[in-house]
Amino acid sequence: MIDTVLFDMGGTLEDIWVDDESRHSSIQGVLDILHAHGIDLNMDFETAAQSINAGWERYGAYRDPRQRELKPEEIWGSFVLTDFGLNEDSVRPYAEELAHMWEITHYHRTLRPHVKEMLEGLKGLGMKLGVISNTASLYQVFDVLKGYGIRDYFQDVTLSSVTGYRKPDPNIFLVSLHQVQSDPASCAYVGDTLSRDVIGPIRMGFGATFHIDSYLTKLKDTNVPADVKPTYSVKDIYEVYTILANDTCIS
């Protein structure tokens with residue numbers, strides 16, 4: 001019996017994409033924050049952008065094979081801004097400011113159509129609801145959920161930046177399961193990537209997995225085994241409610 005539905009954030013509850021405008025704005029956002037804290041890099045925009053992007057590549061090379069997430073001061077002070085002579089101690093006072101800005105600026109974000117109706121329907125079924133998100137910011141997901149007007153639907157929000165583990169590592173799912181006090185077999189997970197949002201819950205023994213395509217799907221789903229299949233593939237997120245409402249396993 002499914003009594004709990006857990007959701008990915010970016011690409012699932014919200015549409016998310018990157019373009020030249022957002023890339024430029026996020027780099028400018030870094031420079032503006034540094035300037036506000038008395039740090040002027042004395043280099044042209046393109047050189048600064050190349051260094052910041054190289055820093056993110058360094059962090060990705062550390063993070064992805066380990067499925068770990070560091071705290072904002074470690075990400076920015078030990079990887080992203082090291083070419084500028086900055087370190088954890090120097091960026092600590094404004095590291096979350098950088099992390100939060102990057103998450104909401106580098107990515108365009110809009111709430112998917114029918115999310116509120118879907119959540120309201122699941123709430124009416126008596127489902128426990130939660131979010132499990134990979135993010136490099138401590139507070140951005142909470143703020144964005146509140147801005148969308150859907151924060152109160154969720155009994156738990158579990159973040160990689162808080163747990164230190166990224167999907168599909170089992171530990172981030174275990175934290176959420178402990179928070180919502182549910183068994184894996186009674187949980188459904190909804191996400192946009194096979195590599196994180198389907199493989200992870202399957203390994204954990206979740207009762208069902210839902211997959212919905214996003215901008216991130218093809219970018220993240222490289223080298224996924226062909227036998228990794230979700231229980232359900234949906235086009236409109238409202239289908240999560242209609243499928244579970246008609247599932248005979250729900251009493």
Side-chain angles (χ1 to χ4, degrees), residues 4-19 21-30 32-33 56 59 63 69-73 75-76 80 94-123 127-167 172-173 175-176 179-180 189-193 196-197 200 210-217 219-220 234 236-238 240-241:
T4 303
V5 187
L6 305 174
F7 295 88
D8 171 55
M9 182 67 176
T12 302
L13 291 172
E14 56 182 354
D15 284 316
I16 181 174
W17 70 98
V18 177
D19 59 17
E21 176 192 356
S22 66
R23 292 186 187 97
H24 184 281
S25 296
S26 59
I27 297 297
Q28 188 60 55
V30 174
D32 290 345
I33 290 172
W56 276 113
Y59 180 54
R63 173 195 66 192
E69 196 82 80
L70 299 178
K71 292 294 183 281
E73 60 267 24
I75 296 171
W76 290 88
V80 181
Y94 51 91
E96 174 58 24
E97 184 182 358
L98 286 164
H100 193 291
M101 179 281 301
W102 190 270
E103 290 287 348
I104 64 172
T105 307
H106 184 71
Y107 302 98
H108 294 285
R109 299 175 181 270
T110 59
L111 188 66
R112 272 191 189 265
H114 309 134
V115 164
K116 290 184 179 179
E117 296 91 333
M118 179 265 301
L119 294 173
E120 193 65 31
L122 294 175
K123 180 181 176 181
M127 296 285 183
K128 292 183 281 186
L129 304 176
V131 171
I132 306 177
S133 178
N134 288 349
T135 177
S137 166
L138 295 172
Y139 309 117
Q140 169 264 328
V141 171
F142 297 103
D143 290 345
V144 172
L145 288 172
K146 183 177 180 180
Y148 290 146
I150 60 174
R151 173 66 182 92
D152 291 342
Y153 283 103
F154 301 105
Q155 284 76 57
D156 176 63
V157 177
T158 295
L159 306 178
S160 62
S161 56
V162 176
T163 66
Y165 295 96
R166 290 174 60 83
K167 295 176 295 181
I172 191 169
F173 294 99
V175 170
S176 180
Q179 292 284 73
V180 295
Y189 194 80
V190 186
D192 63 315
T193 60
R196 302 172 178 180
D197 302 317
F210 288 80
H211 180 265
I212 187 167
D213 274 336
S214 81
Y215 168 89
L216 297 177
T217 302
L219 295 177
K220 302 299 182 183
V234 299
D236 188 314
I237 202 163
Y238 189 74
V240 175
Y241 163 67

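All of these numbers come straight from a predicted model, not from anything done at the bench.
- Two residues are said to be in side-chain contact when any heavy atoms from C-beta on lie closer than 4.5 Å; Leu138 and Leu159 fail this criterion.
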Original post:
Can you check side chain to side chain contact (heavy atoms under 4.5 Å, CB included) on Tyr94 and Met101, steps first, answer last?
Top reply: CA-CA 11 Å; Tyr94 51 91; Met101 179 281 301; over 6 Å; no
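- Taking OG1 of Thr12 as the reference point, atom CZ of Phe7 lies at 9.0 Å (rounded to 0.5 Å).
- When the options His100, Glu103, Glu96 are evaluated for a side-chain hydrogen bond (donor to acceptor under 3.5 Å, both in side chains) with Ser137, the one that passes is Glu96.
- Surrounding OH of Tyr215 are more than 12 heavy atoms belonging to other residues, nucleotides or ligands, all under 6.0 Å away.
- Residues Ile237 and Phe210 form no side-chain contact, since every pair of their non-hydrogen atoms from C-beta on lies 4.5 Å or further apart.
- The aromatic rings of Trp56 and Trp76 sit perpendicular, their planes meeting at an angle over 60°, well past the 30° parallel limit.
- Between the OG1 atom of Thr4 and the CG atom of Leu122 there is a distance of 11.0 Å, given to the nearest 0.5 Å.
- In this structure, Asp236 and Met118 have side chains that are not in contact, with every pair of non-hydrogen atoms separated by 4.5 Å or more.
- The aromatic rings of His106 and Trp102 lie parallel to each other, their planes meeting at an angle below 30°, with 60° marking the opposite boundary.
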**OP:** Go through the steps to decide whether Tyr148 and Leu13 satisfy the test side chain to side chain contact (heavy atoms under 4.5 Å, CB included), and finish with yes or no.
**Re:** CA-CA 10 Å; Tyr148 290 146; Leu13 291 172; over 6 Å; no
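- In this structure a side-chain-to-backbone donor-acceptor pair under 3.5 Å is missing from Ser26 to Thr105.
- Contact check for Thr135 versus Glu69: no side-chain heavy atoms found under the 4.5 Å cut-off.
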Original post:
Does the pair Thr217 and His211 meet the rule for a side chain to side chain contact (heavy atoms under 4.5 Å, CB included), with working shown?
Top reply: CA-CA 10 Å; Thr217 302; His211 180 265; 3.8 Å; yes
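- Residues Lys167 and Asp197 meet the side-chain proximity criterion, which asks for heavy atoms closer than 4.5 Å.
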Which pairs would a plain distance check flag for residues 150-157, meaning a side-chain donor or acceptor within less than 3.5 Å of a matching protein atom at least two apart in sequence or in another chain?
from: Arg151; atom 1: NH1; to: Phe154; atom 2: O; distance (Å): 3.2
from: Tyr153; atom 1: OH; to: Glu120; atom 2: OE1; distance (Å): 2.5
from: Gln155; atom 1: OE1; to: Leu129; atom 2: N; distance (Å): 2.6
from: Gln155; atom 1: NE2; to: Tyr153; atom 2: O; distance (Å): 3.4
from: Asp156; atom 1: OD1; to: Gln179; atom 2: NE2; distance (Å): 3.4
from: Asp156; atom 1: OD2; to: Thr158; atom 2: OG1; distance (Å): 2.6

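- When the shell of 6.0 Å around NZ of Lys71 is examined, it contains more than 12 heavy atoms from other residues, nucleotides or ligands.
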